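Written below as structure tokens is the structure these notes are about.
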Protein chains: 2
Amino acid sequence: MSAAAGSVGHDELGWCLGVVLRAYTDEVGAVLGDLPHGHRGFQVLATVVHGDQRSQLALAGMLGIDRTVMTYLIDDLVTADLVARQVDPADRRQRRIVATGRGTAVLAELERGVRKAEDVALGSLDPQDRAVLRRLLTSVACSLRQVAPADPCAVVEDALTATA
Amino acid sequence: MSAAAGSVGHDELGWCLGVVLRAYTDEVGAVLGDLPHGHRGFQVLATVVHGDQRSQLALAGMLGIDRTVMTYLIDDLVTADLVARQVDPADRRQRRIVATGRGTAVLAELERGVRKAEDVALGSLDPQDRAVLRRLLTSVACSLRQVAPADPCAVVEDALTATA
DNA sequence: TATTGTTATACTCTATAACTATA
DNA sequence: TATAGTTATAGAGTATAACAATA
């Protein structure tokens with residue numbers, strides 16, 4: 001039973017995920033600059049702009065962030081004039097989070113840089129393998145979060161066509 | 001520009017990696033039980049047993065853990081009688097970390113459970129896609145950490161043969 | 001002088017519980 | 001009573017700097 005034979009060494013999902021995620025946060029962190037709360041603030045902003053989940057609780061569930069943390073994140077995004085809180089008229093307990101004009105513009109700018117940073121993190125793969133990896137990861141993640149594969153995760157099909 | 005068209009929503013590497021890593025740590029955490037420091041303690045133990053990097057600094061570099069944290073991790077693994085510190089005779093500044101007999105046995109047992117937990121986290125993929133994802137992630141991670149693809153990352157080839 | 005490991009400190013992220021306002 | 005959001009607190013995880021031992 002040699003070192004390369006079994007489930008040993010660096011063939012370990014946790015190690016791989018950790019290494020890649022660290023590379024991602026390092027690369028993306030440099031792109032995001034002074035955005036409040038770095039890549040987590042970015043994810044919140046992106047979900048607000050592109051997603052359909054807009055209550056703080058729905059955002060927290062989608063991003064795997066505790067609802068108590070979401071309060072602070074959104075506080076600082078509001079202070080930075082990137083998003084705003086609106087009381088939901090249908091249920092006055094809920095706050096609908098909407099992007100400001102500035103927030104939408106800033107996000108569009110940041111997303112270009114983030115996409116480049118992502119490709120740097122995956123730089124050792126050729127474009128085809130990169131697309132396959134993105135597709136598989138997106139599939140697993142959407143399945144884990146039980147996101148309807150119809151709406152936002154139709155992106156999976158985009159990755160496929162981009163590969164071909 | 002629909003939600004599914006551009007680089008939007010859940011087609012985002014950071015979100016995918018975070019979701020999958022969270023699922024991994026949840027599943028694996030249950031398997032590891034009272035192992036000191038959970039999945040990080042496991043990774044240290046696995047690297048000690050299978051890897052060839054054995055100084056604390058080398059372990060820290062491999063696992064992306066700060067060297068000051070590595071001190072505490074190894075302290076507790078030593079207390080649990082899973083590893084031991086030995087002064088390197090060739091360089092008395094360094095400590096060589098070696099597994100105890102109990103550490104080796106415990107790791108072998110845990111690795112079976114961890115492998116199952118990993119497959120649970122990737123459960124939505126069929127076995128072939130799962131192997132492809134493992135192969136690509138391992139490739140990226142080894143490249144990022146500049147691990148010699150010869151020795152431990154020859155596992156990549158194992159994943160390929162397992163796929164075929 | 002540089003490196004390995006240790007210790008102390010602080011900062012970020014996260015988790016829990018108590019509180020409010022609405023339903 | 002139950003839920004959305006807030007606040008306060010404590011716990012992990014991590015990063016920085018200062019220190020001892022060794023090279």
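Each chain gets a letter, A, B and so on, in the order its sequence line appears, and its residues count up from 1. Just so it is clear, the structure is predicted and the values come from calculations on it, not from any experiment.
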Exercise. Does A:D119 come within less than 4.0 Å of A:R134, counting only side-chain N to carboxylate O?
Worked result: yes
Spacing of [X] atom [atom1] relative to [N] atom [atom2], expressed in whole Å:
X: B:M70; N: C:dT7; atom1: CE; atom2: C1'; value: 17 Å
X: A:Q94; N: C:dA23; atom1: CD; atom2: C1'; value: 11 Å
X: A:L63; N: C:dC13; atom1: CG; atom2: C1'; value: 15 Å
X: A:L59; N: D:dT6; atom1: CG; atom2: C1'; value: 16 Å
X: A:R22; N: D:dA15; atom1: CZ; atom2: P; value: 7 Å
X: A:I65; N: D:dG5; atom1: CD1; atom2: P; value: 14 Å
X: A:R67; N: C:dA15; atom1: CZ; atom2: P; value: 13 Å
X: B:D26; N: D:dA12; atom1: CG; atom2: C1'; value: 15 Å

Looking at [atom1] of [X] and [atom2] of [Y], how far apart are the two atoms once the value is rounded to the nearest 0.5 Å?
X: B:D76; Y: B:T71; atom1: CG; atom2: OG1; answer: 11.0 Å
X: B:I97; Y: B:D88; atom1: CD1; atom2: CG; answer: 10.5 Å
X: A:R95; Y: A:L59; atom1: CZ; atom2: CG; answer: 14.0 Å

Look at [X] and [N] and indicate whether a side-chain polar atom (N or O) is within less than 4.0 Å of OP1 or OP2.
X: B:T71; N: C:dG5; value: no
X: B:R93; N: D:dA21; value: no
X: A:R85; N: D:dT6; value: yes
X: B:Q56; N: C:dT6; value: yes

For this session: Tell me what B:D91 touches on the nucleic acid: a base, only sugar-phosphate, or nothing, going by heavy atoms under 4.0 Å.
Result: sugar-phosphate
For this session: Would you mind classifying the nucleic acid contact of A:R95 as base, sugar-phosphate or nothing, using non-hydrogen atoms under 4.0 angstrom?
Result: sugar-phosphate
Exercise. Taking the side chain of B:Y72 as heavy atoms from C-beta outward, which of C:dT22, C:dT16, C:dA8 is closest to it?
Worked result: C:dA8
Exercise. With sequence neighbours left out, which residue pairs that include part of residues 19-32 of chain B fulfil the side chain to side chain donor-acceptor pair (under 3.5 Å) condition?
Worked result: A:E12-B:Y24
Problem set entry | Check: A:T68 side chain, D:dT6 base, donor-acceptor under 3.5 Å | no
Exercise. Of B:R96 and A:D66, whose closest DNA chain C nucleotide lies nearer the 5' terminus?
Worked result: B:R96
